Peer 1: 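There's a structure below that I have some questions on.
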Amino acid sequence: MQISKAAPTADRETSRSAPLFPSGHLLPFILVTFLFFLWGIPNNLTDVLIRQFMKSFAISRFQAALVQSAQFSGYFIMAMPAAFFMRRFGYKWGFVVGLLLFGVGTFLFWPAAMVAKYSFFLLALLVIGSGLSFLETASNPFIAQLGDPGSSERRLNFSQAFNPIGAITGVLIGTVFIFSGIELSSQQIDLLKAQHVYDAYLRSETLRVVKPYLALGAVAVLWALLIMRTRFPAIQSEHEEGGDHGHFRELFGLPHFWMAVLAQFLYVGAQVGTWSYFIQYVQEFTHQPEKTAGYLLTGTLAAFGVGRFTSAYLMRFIPPYKLLGFFAVANVALVAFGVLHPGWTGLWAILLTSFFMSLMFPTIFALGLKGLGPNTKIGGSLLVMAIVGGALIPPLMGMIADARHSIAPAYVVPLVAYLVIAGYAFAGAKTHNEQAAA
């Protein structure tokens, strides 16, 4: 009994003392960490696009939520091909291909705006999501393995902490450069139609999305060139002794991994759904204009960023699975309050959930990869495929909101997701962590 108690303690001490940054590989670490910032921009520009496309294409909440479905479907479709590609060519070329696909998708916004077809925009977002799938399939395991294994969760949380900075940047770009601030009443719309200028108004609103995406694409192509010219280290899982790259069937004997996949699916859906409808929650229950709602969304993303850095620090003292569980329980309480008490107080409760959701993606990802060995790339791709939760849960929330004629009841879906994540943290992740330490 004494040995089993001492082993986890020694493991925690090793984790606390393990160096966070990889020795001798700081430049690749910086280049890849920037990617976490970069993909945060398009992932949260979609929160603005939902509201913008509801105006410019006069569509319902459910139809607008297909913006998220298109982009996050790209994650699901390309995650496994990305894993097989990187098994053959390595992480570096996975980053390059991902950035180029990302750039192509953003450039498609120009012809989509010219033909003014919502379906064309959805295609462009699917291509963007495909590129981001390559980036996330490569970046998360690369950072987790680039350095001392004892600090993998802290290191991944550190790099992921730059993702909310990108998210804030994306929402600010959308609020300032995409939102026009013009919100027409039904009477004003009828008047514009009578004057035969309503179509011109819709076209001007559609064109507002083009320039931010073209600029984003230029940055993606530039970063691909920088990575191509940089020497990257060989990560152990890329060149396992004997050339063993792992086998998919071996993952079926790892229940903690599949619990992590489910938790990741529900977390991403809860995160994307929460942010996708936050602007509408603000407008429905506080009657603020869209730009004010956009700035409040920026506030919730700022809370997300603070939570990332805070959780990376707290993990020096609290085991990651315990912190994950405590944060999930906190979000269950906050979302329940937001559903039952919609208004300014409910808004602040929903806003604060971003602080507690901040550690979930990287922590679930790192915990899920523990002990996979040569199956790390395949396991990482499946955890990235779980991001498809962001494609499926927002439309479900949109259907609930349309049926109930209110956005508040739709937030029951994230509430259920956090309940399951808490169960994963205190059951599956805890059990595996203790078995590994014994």
Side-chain angles (χ1 to χ4, degrees), residues 28-49 67-68 70-79 82-83 86 91-109 124-144 156-174 212-224 226-227 264 267-268 271-272 275-276 301 304-305 308 354 357-358 360-362 365 380-381 383-391:
F29 178 80
I30 292 171
L31 288 173
V32 176
T33 294
F34 176 80
L35 296 179
F36 289 84
F37 165 83
L38 187 61
W39 77 60
I41 298 176
N43 275 347
N44 290 88
L45 263 174
T46 53
D47 301 327
V48 173
L49 286 184
V67 163
Q68 302 288 23
Q71 183 156 308
F72 286 98
S73 290
Y75 278 91
F76 182 78
I77 292 167
M78 294 304 296
M86 286 180 288
Y91 286 116
K92 174 179 176 176
W93 292 105
F95 298 135
V96 172
V97 170
L99 285 164
L100 294 178
L101 276 172
F102 175 18
V104 168
T106 60
F107 295 147
L108 286 175
F109 264 57
L125 288 164
L126 178 66
V127 176
I128 289 173
S130 299
L132 300 186
S133 181
F134 264 84
L135 296 184
E136 293 218 36
T137 301
S139 299
N140 288 286
F142 180 84
I143 291 294
L156 188 53
N157 267 279
F158 176 86
S159 292
Q160 282 272 4
F162 291 89
N163 181 257
I165 300 175
I168 292 168
T169 303
V171 172
L172 282 174
I173 289 172
Y213 273 87
L214 292 181
L216 194 56
V219 173
V221 172
L222 172 62
W223 214 254
L226 288 174
I227 289 177
Q264 199 72 291
Y267 162 68
V268 175
Q271 182 213 73
V272 174
W275 293 346
S276 294
L301 298 175
F304 186 82
R308 275 273 164 88
S354 291
M357 73 169 70
S358 60
M360 293 183 184
F361 183 93
F365 201 100
S381 68
L383 284 165
V384 171
M385 288 176 72
I387 292 174
V388 76

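Note that the coordinates shown come from a computational prediction; the quantities given were computed from them, not determined experimentally.
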Peer 1: Testing the basics here: between L108 and A124, what is the closest heavy-atom pair and its distance to 0.1 Å?
Peer 2: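 L108 and A124 have their closest heavy atoms at CB-CB, 3.7 Å.
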Peer 1: Between S358 and P362, which heavy-atom pair has the shortest distance, and what is it?
Peer 2: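 The pair with the smallest heavy-atom distance is O-CD, 4.0 Å.
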Peer 1: Could you tell me whether the side chain of T106 and the main chain of G103 form a donor-acceptor pair under 3.5 Å?
Peer 2: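 Answer holds: yes.
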Peer 1: Identify the heavy atoms of M86 and F134 that sit nearest to each other, and give their distance.
Peer 2: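 That closest heavy-atom pairing would be CE-O, 4.3 Å.
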Peer 1: Under 3.5 Å, is there a donor-acceptor pair between the side chain of S133 and the main chain of A79?
Peer 2: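 Checking the backbone N and O of A79 against the side chain of S133, a donor-acceptor pair under 3.5 Å is found.
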Peer 1: Does any part of the side chain of F361, heavy atoms only, come nearer than 4.5 Å to the side chain of Q271, both counted from C-beta?
Peer 2: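 Side chain of Q271 against side chain of F361, heavy atoms only: no contact under 4.5 Å found.
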Peer 1: Hey, what do you get for CD1 (I128) to CG (L101), rounding to the nearest 0.5 Å?
Peer 2: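 Answer for the CD1-CG pair, I128 versus L101, is 10.5 Å.
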Peer 1: Please examine the side chains of L216 and P42, heavy atoms only from C-beta on, and report whether any two atoms are closer than 4.5 Å.
Peer 2: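 The answer is yes; the side chains approach within 4.5 Å.
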Peer 1: Would you call the rings of F95 and F142 parallel, tilted or perpendicular, taking 30° and 60° as the class edges?
Peer 2: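 Answer is perpendicular, since the angle exceeds 60°.
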Peer 1: Does some side-chain heavy atom of I143 sit less than 4.5 Å from a side-chain heavy atom of F36?
Peer 2: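 Touching, per the 4.5 Å side-chain cut-off.
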Peer 1: Starting at OG of S130, measure out to CD1 of I77 and round the result to the nearest 0.5 Å.
Peer 2: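 One gets 6.0 Å once the value is rounded to the nearest 0.5 Å.
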Peer 1: Taking atom types as modelled, is there a side-chain donor on T46 or Q71 under 3.5 Å from an acceptor on the other?
Peer 2: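 No.
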Peer 1: Going by heavy atoms in the side chains, are N44 and F304 under 4.5 Å from each other?
Peer 2: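 Side chain of N44 against side chain of F304, heavy atoms only: no contact under 4.5 Å found.
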Peer 1: Check W39, F37, F102, F34 against W223 for a ring-ring contact (aromatic ring centres under 6.0 Å, His included) and give me the one that passes.
Peer 2: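 The residue from W39, F37, F102, F34 that satisfies ring-ring contact (aromatic ring centres under 6.0 Å, His included) with W223 turns out to be F34.
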Peer 1: State, yes or no, whether a side-chain contact exists between L35 and I227 at a heavy-atom distance under 4.5 Å.
Peer 2: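 Heavy-atom side-chain distance check passes, below 4.5 Å.
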Peer 1: Answer whether the closest heavy-atom distance between the side chains of P212 and F109 falls below 4.5 Å.
Peer 2: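 No; the side chains remain at least 4.5 Å from each other.
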Peer 1: Please give me the minimum heavy-atom distance between G390 and Q68, naming the atom from each residue.
Peer 2: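 Heavy atoms only, the tightest pair is O-CB, 3.6 Å.
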Peer 1: Write down the atom of T33, the atom of S159, and the distance for their closest heavy-atom approach.
Peer 2: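 Result for this residue pair: OG1-OG, 3.0 Å.
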Peer 1: If you define the side chain from C-beta out and look only at heavy atoms, does anything of V384 sit under 4.5 Å from I387?
Peer 2: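 Yes. Closest side-chain heavy atoms under 4.5 Å.
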Peer 1: Output the distance between atom OH (Y75) and atom CG (L126), rounded to the nearest 0.5 Å.
Peer 2: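 Reported value, rounded in 0.5 Å steps: 12.0 Å.
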Peer 1: To the nearest 0.5 Å, how far apart are CE in M78 and CG in L135?
Peer 2: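 It comes to 11.5 Å.
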Peer 1: Atom OG of S381 and atom CZ of F76: how far apart are they, to the nearest 0.5 Å?
Peer 2: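 Answer for the OG-CZ pair, S381 versus F76, is 11.0 Å.
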Peer 1: Working note: N140 + L383, criterion side-chain contact (heavy atoms from CB on, under 4.5 Å); need CA distance, chi angles, decisive distance, verdict.
Peer 2: CA-CA 10 Å; N140 288 286; L383 284 165; over 6 Å; no
Peer 1: Would you say the side chain of V171 lies within less than 4.5 Å of the side chain of W275, judging by non-hydrogen atoms?
Peer 2: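 Sidechains of V171 and W275: no contact.
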Peer 1: Could you tell me the separation between the CG atom of L45 and the CG atom of L172, rounded to the nearest 0.5 Å?
Peer 2: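 So the gap between those two atoms works out to 10.0 Å.
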